[in-house]
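The structure presented is a predicted model; accordingly, all values stated were derived computationally and were not measured.
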Amino acid sequence: MKLSPKDHTSGTTLVEVLVATLLLASFFASLFEANAVCLRLIAASKQSVGAIEAVQARAEVFRNLAFSDLTTTSSVQTLLATAANTSDFAKSATEVVKISAYPTANGVTQMTRATNGTVSLDSTATSLGSTLVKVDISQSWTGVLGGRQRTEQTSLIISNGTKK
């Protein structure tokens, strides 16, 4: 007895097509999300580097000031009216500068430069002395990654000496 070969037509069912589509869609969704996370990490790194540059630029300005200008509140306020550098980040961060006598502080002169460019005098030291001052500079901003408050800061001790 001879069996007749049956015609088997191969194809895909609707369920197989839906599973394949679901797998493909989830692959591309995860790929796009990984790309978005990488872009946020890059933006956060740019903000951190911008903050470091802004703090260092402001520190260099203070190092080059005459000691009498550094200890005069109005001179420092005028200096803070402009951003530390021309980057967009420096214009969008809050900058705080604290100046105090060193080694023994007799109060702190603190000024804050807001994101809109206004400078406020938060406190004034009783005396900044005539030989050494400590200058604390900080930049604060809301980070792209996670929306957390971030800060970059540095401290300087500047002497009343002659420039060479």
Indicate, with yes or no, if [Y] and [X] share a hydrophobic cluster defined by side-chain heavy-atom contacts under 4.5 Å among Ile, Leu, Val, Met, Phe, Trp and Tyr.
| X | Y | answer |
| --- | --- | --- |
| L23 | L18 | no |
| L132 | L156 | no |
| I157 | F67 | no |
| V55 | V96 | no |

Legend entry - Point-to-point distance, once rounded to the nearest 0.5 Å, from CD1 of I52 to CZ of F89: 9.5 Å

Inset, instruction - Measure the CG-OG distance between N116 and S92 for me, rounded to the nearest 0.5 Å. - result: 12.0 Å

Inset, instruction - Determine, stepwise, if the pair S87 / E53 fulfils side-chain contact (heavy atoms from CB on, under 4.5 Å). - result: CA-CA 9 Å; S87 71; E53 288 177 351; 5.5 Å; no

Legend entry - Pairwise ring pair (Phe, Tyr, Trp, His ring centres under 6.0 Å) hits with a residue in residues 95-114, at least two apart: none

Inset, instruction - Keeping to residues at least two apart or across chains, list the ring pair (Phe, Tyr, Trp, His ring centres under 6.0 Å) pairs with something in residues 110-138. - result: none

Give me the one residue out of [options] that meets side chain to side chain contact (heavy atoms under 4.5 Å, CB included) with [X].
| X | options | result |
| --- | --- | --- |
| L128 | T73, T72, V133, V108 | V133 |
| V135 | V97, L65, T154, V76 | V97 |
| I99 | L70, I137, I158 | L70 |

Side chain of [X], backbone of [Y]: donor and acceptor closer than 3.5 Å?
| X | Y | answer |
| --- | --- | --- |
| T142 | G147 | no |
| N35 | L31 | no |
| N160 | S130 | yes |
| T118 | A114 | no |

Would you name the heavy atoms of [X] and [Y] that are closest together and state the gap between them?
| X | Y | value |
| --- | --- | --- |
| R58 | T82 | NH2-O, 2.8 Å |
| A101 | G129 | CB-N, 4.3 Å |
| S140 | T151 | OG-OG1, 3.4 Å |

Inset, instruction - Applying salt bridge (charged side-chain N to carboxylate O under 4.0 Å, His left out), name anything that partners R113, two or more places apart in sequence or on another chain. - result: none

Legend entry - Those residues that, when tested against E16, pass salt bridge (charged side-chain N to carboxylate O under 4.0 Å, His left out) (two or more places apart): none

Given side chains that start at C-beta, do those of [X] and [Y] come closer than 4.5 Å, heavy atoms only?
| X | Y | answer |
| --- | --- | --- |
| M111 | S120 | no |
| F62 | L79 | yes |
| E95 | T112 | no |

Inset, instruction - Check step by step if side-chain contact (heavy atoms from CB on, under 4.5 Å) holds for E152 and S48. - result: CA-CA 8 Å; E152 183 66 40; S48 294; 5.9 Å; no

Inset, instruction - Tell me, with the steps shown, if Q77 and L121 meet side-chain contact (heavy atoms from CB on, under 4.5 Å). - result: CA-CA 8 Å; Q77 276 185 302; L121 179 62; 3.7 Å; yes

Legend entry - Carboxylate-amine/guanidinium contact R40 E33, below 4.0 Å: yes

Legend entry - Set of residues satisfying side-chain hydrogen bond (donor to acceptor under 3.5 Å, both in side chains) with respect to Q47, sequence neighbours excluded: W141

Legend entry - CG/D88: more than 12 non-hydrogen atoms of other groups inside 6.0 Å: no

Legend entry - Any side-chain donor near an acceptor of the partner, S138 and D136, under 3.5 Å: no

Inset, instruction - Would you tell me whether S127 and N106 have side-chain atoms, one donor and one acceptor, within less than 3.5 Å of each other? - result: no

Legend entry - With A105 via side chain to side chain contact (heavy atoms under 4.5 Å, CB included) - residues at least two apart: S100

